[in-house]
Amino acid sequence: MFNQLLVKPVQRTCNSSHLFPPKPRFWLPRNALTTVPESPPVSEDATAAKLVLESDPSSLPETLSNHSFQWTPQLVNNVLKRLWNHGPKALQFFKHLERHPTYIHSPSSFEHAIDIAARLRDYNTAWAFVGRMRALRIGPTPRAFAILAERYATGGKAHRAVKVFLSMHEHGCHQDLNSFNTILDVLCKTRRVEMAHSLFKTFKGRFRCDSVSYNIMANGWCLIKRTPMALQVMKEMVERGITPTMVTYNTLLKGYFRCNQLREAWEFFLEMKKRKCEIDVVTYTTMVHGFGVAGEVKRSKRVFDAMVKEGLVPSVATYNALIQVLCKKDSVQNALLVFEEMVGKGCVPNLTTYNVVIRGLCHSGEMEKALEFMKRMEEHGCRPSVQTYNVVVRYYCDDGELEKGLELFEKMGNGTCLPNLDTYNILISAMFVRKKSEDLVVAGKLLMEMVGRGFLPRKFTFNRVLNGLVLMGNRDFANEILRMQNRCGRVLRHMKL
DNA sequence: ATAGGGTTAG
């Protein structure tokens with residue numbers, strides 16, 4: 001099928017070697033030189049973030065001035081990153097600094113702030129920041145519009161995202177091929193591929209679209225499992241004299257796996273080899289992962305071995321793929337063997353590796369060992385992320401070890417990794433399993449705390465906690481929570497959610 | 001932050 005596509009259009013114009021990239025004269029494994037990152041020094045931004053989080057809105061200016069921070073763009077950005085899951089607090093901090101007598105926000109800080117505001121669907125504030133950038137003559141930057149478009153698209157407002165792109169020049173930012181490709185990608189990644197397709201058809205001539213544009217569109221169709229359309233994109237690409245790249249081929253290959261078309265994937269892979277195309281680490285990682293999640297663990301392992309035999313060095317992602325496959329379809333023990341093997345070969349595990357391994361351990365009930373790995377992460381310059389904590393907390397709760405789950409949660413609060421919405425949801429749900437009235441009081445407290453930190457619980461969560469408290473006869477606390485829910489409701493209506 | 005591979009829920 002693709003054999004036709006790969007060869008036919010080219011035979012009409014030139015020889016078929018144009019379909020695949022030329023062989024490079026030399027080759028270096030991309031991930032051969034991974035090193036252990038230095039462990040981060042104790043930071044000012046953690047202090048500032050904690051202060052912002054814990055101070056009352058009215059006392060924030062005073063609290064911050066008591067500490068006489070030396071504000072720099074880097075410091076401000078790091079504080080904003082730490083407050084990523086605490087949008088209202090982050091914005092309060094950012095706006096407070098806007099009134100600082102001498103410090104002026106950098107473009108990248110504005111971009112962070114725009115991202116945070118738009119994620120809260122507070123588009124007015126986001127646009128106000130865009131205007132402010134223009135007034136200060138430090139933008140608005142193309143990145144600011146990329147962020148806005150992405151937030152509109154992920155918020156279900158794809159048309160607004162397109163409008164952001166179409167109108168950016170009116171806000172003082174030039175449109176170019178980069179911004180065109182960005183909006184195509186944003187639409188594709190949010191699965192509005194049809195919309196991206198029509199935008200592409202309309203503007204591809206005006207922006208002189210390139211292989212990147214085609215690769216984005218091909219990937220879009222693959223994401224929604226419409227591989228035939230992706231092949232169509234590839235065909236048009238070739239007809240217009242744009243040479244497909246390794247990215248194009250790897251995209252298509254992944255597309256076949258997504259549709260569970262293992263035979264087609266395998267044949268496509270063979271075709272790539274036959275064409276003397278430099279199969280790279282990404283190709284192999286796609287194969288290892290694809291076969292593995294389809295349950296073909298042996299084939300997955302065989303591809304991995306073949307890769308090594310050909311002299312290609314597996315990357316962290318390749319190992320992560322294999323480790324995940326073994327955890328899910330084989331055994332954690334075998335996954336751990338691969339983990340040790342990668343460390344032995346000098347390939348440095350990253351956060352993803354640890355999260356995969358820890359999840360695998362939790363899943364097979366080895367909680368102690370999971371905690372061991374949480375400590376061991378630091379050897380490789382990794383710190384447990386919210387996801388890491390959430391996994392372990394969840395499994396503790398599922399095992400009925402609520403105290404241990406809560407203990408870990410306390411650790412997060414004190415340390416540098418702040419809980420997010422998932423953490424609260426996991427814990428609150430867990431408080432219903434024992435049907436004890438103390439547990440429901442904890443659930444209520446968690447609910448209050450999460451609202452105080454700017455997370456909006458679902459109506460379902462409120463109702464559940466309220467019903468539970470009433471059933472247990474704790475009317476006073478239930479009323480307190482009800483009042484808080486009403487306050488949340490007002491905020492939501494104000495934000496037109 | 002212009003494109004392809006690895007974390008996400010029983």
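Convention: sequence-line order gives letters A, B, ...; per-chain numbering from 1.
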Participant: Roughly how many Å is it from CH2 in A/Trp221 to C1' in B/dA3, rounded to a whole number?
Facilitator: 17 Å

Participant: Would you indicate which nucleotide in B/dG6, B/dA3, B/dT2 comes nearest to any side-chain atom of A/Asn350?
Facilitator: B/dG6

Participant: Measuring from atom OH of A/Tyr256 to atom CZ of A/Phe268, what distance do you get when rounded to the nearest 0.5 angstrom?
Facilitator: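 Interatomic distance, A/Tyr256 OH to A/Phe268 CZ, rounded to 0.5 Å: 6.0 Å.
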
Participant: Is any side-chain N or O of A/Thr286 under 3.5 Å from a base N or O of B/dG5, one able to act as donor and the other as acceptor?
Facilitator: no

Participant: Taking atom NZ of A/Lys204 as the centre, report whether more than 12 heavy atoms of other residues, nucleotides or ligands fall under 6.0 Å from it.
Facilitator: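 Atom NZ in A/Lys204 is crowded, with more than 12 foreign heavy atoms closer than 6.0 Å.
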
Participant: Nearest to the side chain of A/Gln324 - B/dG5, B/dA3, B/dT8?
Facilitator: B/dT8

Participant: For the pair A/Arg376 and A/Glu372, find out whether any cationic side-chain nitrogen is under 4.0 Å from an anionic carboxylate oxygen.
Facilitator: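 Here A/Arg376 does not pair with A/Glu372 in a salt bridge, since their nearest N and O are not under 4.0 Å apart.
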
Participant: Could you give the CD1-to-P distance, from A/Ile183 to B/dA3, as a whole number of Å?
Facilitator: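 Computing the A/Ile183:CD1 to B/dA3:P distance gives 13 Å.
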
Participant: Could you work out which one of B/dA1, B/dG5, B/dT8 sits closest to the side chain of A/Lys328?
Facilitator: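 Between B/dA1, B/dG5, B/dT8, the one nearest the side chain of A/Lys328 would be B/dT8.
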
Participant: State whether A/Lys254 places a side-chain N or O below 4.0 Å from either non-bridging phosphate oxygen (OP1 or OP2) of B/dA3.
Facilitator: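 It does not, given that no N or O in the side chain of A/Lys254 lies less than 4.0 Å from OP1 or OP2 of B/dA3.
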
Participant: Donor-acceptor pair under 3.5 Å: do we get one between A/Ser315's side chain and the base of B/dG5?
Facilitator: yes

Participant: For the residue pair A/Gln261 and A/Glu267, confirm or rule out a side-chain donor-acceptor distance under 3.5 Å.
Facilitator: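 Short answer, no.
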
Participant: Nearest to the side chain of A/Thr285 - B/dA9, B/dG5, B/dT8?
Facilitator: B/dG5

Participant: Quick one about A/Tyr284 and A/Glu310 (side-chain donor to acceptor, distance below 3.5 Å, no hydrogens or angles considered), yes or no?
Facilitator: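 Yes, because at least one side-chain N or O of A/Glu310 sits under 3.5 Å from a partner of the opposite role on A/Tyr284.
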
Participant: Whole-Å distance between B/dA1 P and A/Lys189 NZ?
Facilitator: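 After rounding, the reported distance stands at 11 Å.
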
Participant: Please give, in whole Å, the distance from B/dA1 P to A/Phe110 CZ?
Facilitator: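 Distance, rounded to whole Å: 21 Å.
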
Participant: Side chain of A/Ala321 only, heavy atoms from C-beta on: which candidate in B/dA1, B/dA3, B/dG6 is closest?
Facilitator: B/dG6

Participant: Can you check whether any acceptor in the base of B/dG10 is under 3.5 Å from a donor in the side chain of A/Asp398, or vice versa?
Facilitator: no

Participant: Just how far, in rounded Å, is C1' of B/dA1 from NE2 of A/His112?
Facilitator: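 Nearest whole value for this atom pair: 11 Å.
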
Participant: In whole Å, measure the gap between the P atoms of B/dG5 and B/dA1 for me.
Facilitator: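 So the two P atoms sit 15 Å from each other.
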
Participant: How would you label the contact of A/Asn219 with the nucleic acid (heavy atoms, under 4.0 Å): base, sugar-phosphate, or nothing?
Facilitator: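 Sugar-phosphate only.
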
Participant: Touch check for A/Thr318, heavy atoms < 4.0 angstrom, all strands: base, sugar-phosphate only, or nothing?
Facilitator: base

Participant: How about NE2 on A/His169, more than 12 heavy atoms from neighbouring residues, nucleotides or ligands closer than 6.0 Å, or not?
Facilitator: yes

Participant: Report which part of the nucleic acid A/Thr352 touches: base, sugar-phosphate, or nothing (heavy-atom distance under 4.0 Å, all strands).
Facilitator: base

Participant: Consider the side chain of A/Val247, meaning its heavy atoms from C-beta on, and name the nucleotide among B/dA3, B/dT2, B/dG5 that approaches it most closely.
Facilitator: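 Selected nucleotide (nearest to the side chain): B/dA3.
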
Participant: Assert yes or no for the condition that the ring centre distance of A/Tyr319 to A/Phe339 is strictly below 6.0 Å.
Facilitator: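 No, the ring of A/Tyr319 stays outside the 6.0 Å limit from the ring of A/Phe339, centre to centre.
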
Participant: I want to verify a distance call: between B/dG5, B/dA1, B/dA3, whose nearest atom is closest to the A/Arg143 side chain?
Facilitator: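 Within the option list, the nearest is B/dA1.
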
Participant: Does a donor on one side chain and an acceptor on the other come within less than 3.5 Å for A/Thr285 and A/Thr318?
Facilitator: yes

Participant: By the 4.0 Å heavy-atom rule, please label A/Glu150 as base, sugar-phosphate, or nothing.
Facilitator: base

Participant: Give, ordered by number, those residues of residues 204-215 of chain A having at least one heavy-atom distance below 4.0 Å to an atom of DNA chain B; if nothing qualifies, reply none.
Facilitator: A/Val212, A/Asn215

Participant: In this structure, how many angstroms lie between the C1' atom of B/dA3 and the CE atom of A/Met217, rounded?
Facilitator: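 So the two atoms are 12 Å apart, to the nearest Å.
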
Participant: Are OP1 or OP2 of B/dG5 and a side-chain N or O of A/His289 less than 4.0 angstrom apart?
Facilitator: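 Answer no for this pair, as no side-chain N or O of A/His289 is under 4.0 Å from OP1 or OP2.
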
Participant: Quick one: A/Leu187 CG to B/dT2 P, roughly how many Å, whole number?
Facilitator: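 Taking CG of A/Leu187 and P of B/dT2, I get 15 Å after rounding.
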
Participant: Which atom pair, heavy atoms only, marks the closest approach of A/Pro244 to A/Met237?
Facilitator: CA-CE, 3.7 Å

Participant: Of the nucleotides B/dT8, B/dT2, B/dG5, which has the atom closest to the A/Arg359 side chain?
Facilitator: B/dT8

Participant: Would you classify A/Asp176 as touching base, sugar-phosphate or nothing, given that sugar-phosphate means primed atoms plus P, OP1 and OP2, and contacts are heavy atoms under 4.0 Å?
Facilitator: nothing

Participant: From CZ of A/Phe291 over to P of B/dG6, roughly how many Å is that when rounded to an integer?
Facilitator: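 The answer, rounded to whole Å, is 15 Å.
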
